[in-house]
Amino acid sequence: MIRKLLVANRGEIARRIFATCRALGVTTVAVHSDADADAPFVAEADLAVPLPGNTPAETYLRIDLVLDAARRAGADAVHPGYGFLAENADFAAAVTDAGLTWVGPPAKAIAAMGDKMAAKALLADAGVPMLPTWTEADQVTGFPVLVKAAAGGGGRGMRVVRDAAGLAEAVAGARREAAAAFGDGTVFIERYVERGRHVEVQIFGDTHGTVVALGVRDCSIQRRHQKIVEEAPGVLPPEVRERLHEAAVAAGRAVDYVGAGTVEFLLAPDGEVHFLEMNTRLQVEHPVTEAVTGWDLVRLQLLVAEGEPLPLTATPPADGHAIEVRLCAEDPAQGFRPATGTLHRFAIPGVAGEFTPTKGLRLDSGVVDGSAVSVHYDSMLAKLVAWAPTRAEAARALAGALARAELHGVATNRDLLVRVLRSREFGAAEADTSFLERHEEVFAPLLAADQLPLVALAAALAGAAGRRAAAPVLAGLPSGWRNVPAFPQVTRFAGPDGEIEVRYRLDRTGSLADWSVSAASASTAEDGSAPDVTVVEAAPDRVVLDVDGTRRAFRVHRVGAEVFVDGPDGAASLTELPRFPLPTAELAAGSLLAPLPGAVTRVHVEVGQRVAAGDLLLTLEAMKLEHPVLAPTDGVVAELPVPAGGQVDTGAVLAVVTEEDPR
């Protein structure tokens, strides 16, 4: 029986496993990097062992350090979570060789499925349907194709290639990204199916020969080949569901599978099913299966690892519907590049439970208020799951909770997720893997541009109220009060689309006499006038405005000069600008700045080289992904201040492109 479990992972998955351990009375052990020393998962563990360093290669990917931590803490079992060493056969073998209980499939099964090409051959012999696959670029016959990493998952290293001209660079880029994420740069190429659906079957096996399917999930909504919305049960014809169950169980039996695993398939528009890969671990999206089956999959993992038989021998019926979204630290203004910083507030309303099977709204998060989002790890902050009796109710509840969430300090993909959940195609269960490519409208922010002036007015009024509340004398006077009220109050903000200037004047009773906002867009009526606004309430953290007879409440949270406003139509982050700004150094014209901290992995051009708009200048690697830096216009490369291998912070100059050669 497992008494003390070390989780060789971090973030929300470590917290998820700890939650089940607490319910079962199992002592928990965390391992953590220096960057994670103050993370919530470390605080929640019964014991914690530091792994000196910051990057995964220095810490979480070090088998020797993790095993030494287990020895020092007196752990008798190891759970790998997902990612990092979860699908590393050498790690599984090393844990077992150390006399510890391994909470996962046998090393032999991991190795068999870890080599994706060998896995395809093995499972094809077991009758599992396959896509045409090649190991070398010169073997490819016909396009489009998908370049994939042979090790790991999560979309790392994937590239869609539509013609022969781009294949060599796609293979090279995929190899680099896979090597950085998994320590293995091996890739392969398979036929790419247009308008396919990504579906997967959760399987479970025990040491007594039982392998059972726990249902089908649909994970078709993807960006950069990474899932962002998952649901169970997948909306499928009964005969397709049965074929998927049979193929998944056959795959599990072919490798004598034990524990939790996922067999992933591509469902073509013609109804044909094609095997993609088998993940020999617990999946990120396992909560939706838990929600509709009622089974705690981590509990089942622990029971199976202890040698107990599975308490179920057939696919359980699905109860209701569950949808999960992956809330990630990503900046929509930067093409959804990973974002870093301090999460000043992380609050989602209506959560019924965390980390274990829950009816209603479930939150599995790796962060809390004040958490630092580091450049060293991937961008996922949390998973939010909604269960309801019907699919439509689950989508509506999930979208509503996300829209009302307060997410302050780090840019996220929240607005994108809400728009996807509220889209007609998703509502009709017709989405496929190219959904985001066809629907640019879902990338628009929830807050319409013409609503930004009202948000800025609320921010200005809240700021004035905060200053009056903190005033040492005459705090009862209205902000900006004058005997002769000739001049308005003026507050300037940096907004999402540039500078916003708010001008307003209060009358002798403290009511709003008039107001105006100068910005890229204006909140005006058809005759060009500003709407009639009355201040109902103005406090430092809450402003209520009556706008043309309709009350609108805004929640305001200020951290230094940053002002976060959550309103009925969406959220905005503003930065109040100083009345008398200090002079700053001027950047050279044509400077390209780093959008986030990272390392320059390759420089593709030389100083003095003429480039065209869109040409690749250099490649920046951050948060396990490669980010191309492209020439914004035709010109000449004037400066390349950072060599290949150089580390940069956000805002560092990466290159300067000018119209003429400065030499």
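All values below come from the heavy atoms of this structure, side chains included, with hydrogens, waters and symmetry mates left out. For clarity, every value in this text was computed on a predicted model and none was experimentally measured.
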Between [X] and [Y]: side-chain donor-acceptor atoms closer than 3.5 Å:
X      : Y      : value
Arg22  : Thr28  : no
Ser434 : Glu437 : no
Thr20  : Asp296 : yes

Backbone of [Y] reached by a side-chain donor or acceptor of [X] within 3.5 Å:
X      : Y      : result
Thr289 : Glu285 : no
Thr293 : Pro316 : no
Thr358 : Gly360 : no
His79  : Gly81  : yes
Arg16  : Phe355 : yes
Tyr377 : Met380 : no
Arg422 : Ala395 : no
Thr390 : Ala388 : no

| field | Verdict with reasoning, Glu200 to His198, per side chain to side chain contact (heavy atoms under 4.5 Å, CB included) | value | CA-CA 7 Å; Glu200 60 189 31; His198 188 130; 4.1 Å; yes
Quick check on [X]: does its [atom1] atom have over 12 non-hydrogen neighbours (other residues, nucleotides or ligands) under 6.0 Å away?
X      : atom1 : answer
Asp38  : CG    : no
Arg191 : CZ    : yes
Met1   : CE    : no

Would you say [X] and [Y] make side-chain contact, with heavy atoms under 4.5 Å?
X      : Y      : value
Glu231 : Glu324 : no
Trp387 : Leu361 : no
Trp295 : Pro357 : no
Leu5   : Cys21  : yes
Val373 : Leu381 : yes
Gln222 : Ile228 : no
Val212 : Leu310 : yes
Ile189 : Thr133 : no

Once you round to the nearest 0.5 Å, how far does [atom1] of [X] lie from [atom2] of [Y]?
X      : Y      : atom1 : atom2 : answer
Asp206 : Leu303 : CG    : CG    : 10.5 Å
Lys383 : Ile13  : NZ    : CD1   : 5.5 Å
Phe84  : Arg281 : CZ    : CZ    : 12.0 Å
Asp218 : Lys227 : CG    : NZ    : 10.5 Å
Thr135 : Glu190 : OG1   : CD    : 13.0 Å
Arg3   : Asp76  : CZ    : CG    : 7.0 Å

State whether [X] and [Y] are salt-bridged, where the test is any N-O pair (Lys NZ or Arg NE/NH1/NH2 against Asp/Glu carboxylate O) under 4.0 Å.
X      : Y      : answer
Glu330 : Arg223 : yes
Asp46  : Lys4   : no
Arg419 : Asp415 : no

Considering all heavy atoms of both residues, which atom of [X] and which atom of [Y] are nearest to each other, and what is their separation?
X      : Y      : result
Arg326 : Asn413 : O-ND2, 3.1 Å
Ala14  : Asn9   : CB-O, 4.1 Å
Leu363 : Ala382 : CD1-CB, 4.0 Å
Ala291 : Ala322 : CB-CB, 3.6 Å
His376 : Ala35  : CD2-CB, 4.1 Å
Gly234 : Arg241 : O-NH2, 2.8 Å

| Candidate pair Cys328 and Phe336, rule side chain to side chain contact (heavy atoms under 4.5 Å, CB included), full reasoning | CA-CA 9 Å; Cys328 298; Phe336 288 88; over 6 Å; no
| Would Asp36 and Tyr60 satisfy side-chain hydrogen bond (donor to acceptor under 3.5 Å, both in side chains), going step by step from the backbone distance to the final call? | CA-CA 11 Å; Asp36 279 337; Tyr60 299 106; 2.6 Å; yes
| request: Just do the salt bridge (charged side-chain N to carboxylate O under 4.0 Å, His left out) check on Arg15 and Asp364 with the steps written out, would you? | output: CA-CA 8 Å; Arg15 299 181 78 190; Asp364 286 18; over 6 Å; no
| task | Start with the C-alpha gap between Asp256 and Lys108, add the side-chain angles, then the distance that decides, and say whether salt bridge (charged side-chain N to carboxylate O under 4.0 Å, His left out) holds. | result | CA-CA 9 Å; Asp256 298 321; Lys108 182 179 179 181; 5.5 Å; no
| said: Could you walk me through whether Thr101 and Glu306 satisfy the side chain to side chain contact (heavy atoms under 4.5 Å, CB included) test, starting with their C-alpha distance in whole Å, then the side-chain angles of each, then the deciding distance to 0.1 Å, before giving a yes or no? | reply: CA-CA 8 Å; Thr101 298; Glu306 292 173 336; 5.8 Å; no
| field | side-chain hydrogen bond (donor to acceptor under 3.5 Å, both in side chains) between His286 and Gln202, intermediate numbers included | value | CA-CA 8 Å; His286 78 274; Gln202 176 74 62; over 6 Å; no
| field | Passing option when Glu264 is tested against His274, Gln283, Arg217 for side-chain hydrogen bond (donor to acceptor under 3.5 Å, both in side chains) | value | Gln283
| task | Show your reasoning for whether salt bridge (charged side-chain N to carboxylate O under 4.0 Å, His left out) applies to Asp68 and Arg62. | result | CA-CA 10 Å; Asp68 182 63; Arg62 288 279 301 273; over 6 Å; no
| Do the numbers put Arg243 on top of the ring of Phe265, so that NZ or CZ is under 6.0 Å from the six-membered ring centre and no more than 45° off the axis? |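 The answer is no; the distance or angle limit is not met.
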| task | Please lay out, stage by stage, how Leu267 and Leu244 fare under the test side chain to side chain contact (heavy atoms under 4.5 Å, CB included). | result | CA-CA 10 Å; Leu267 180 61; Leu244 289 166; 5.8 Å; no
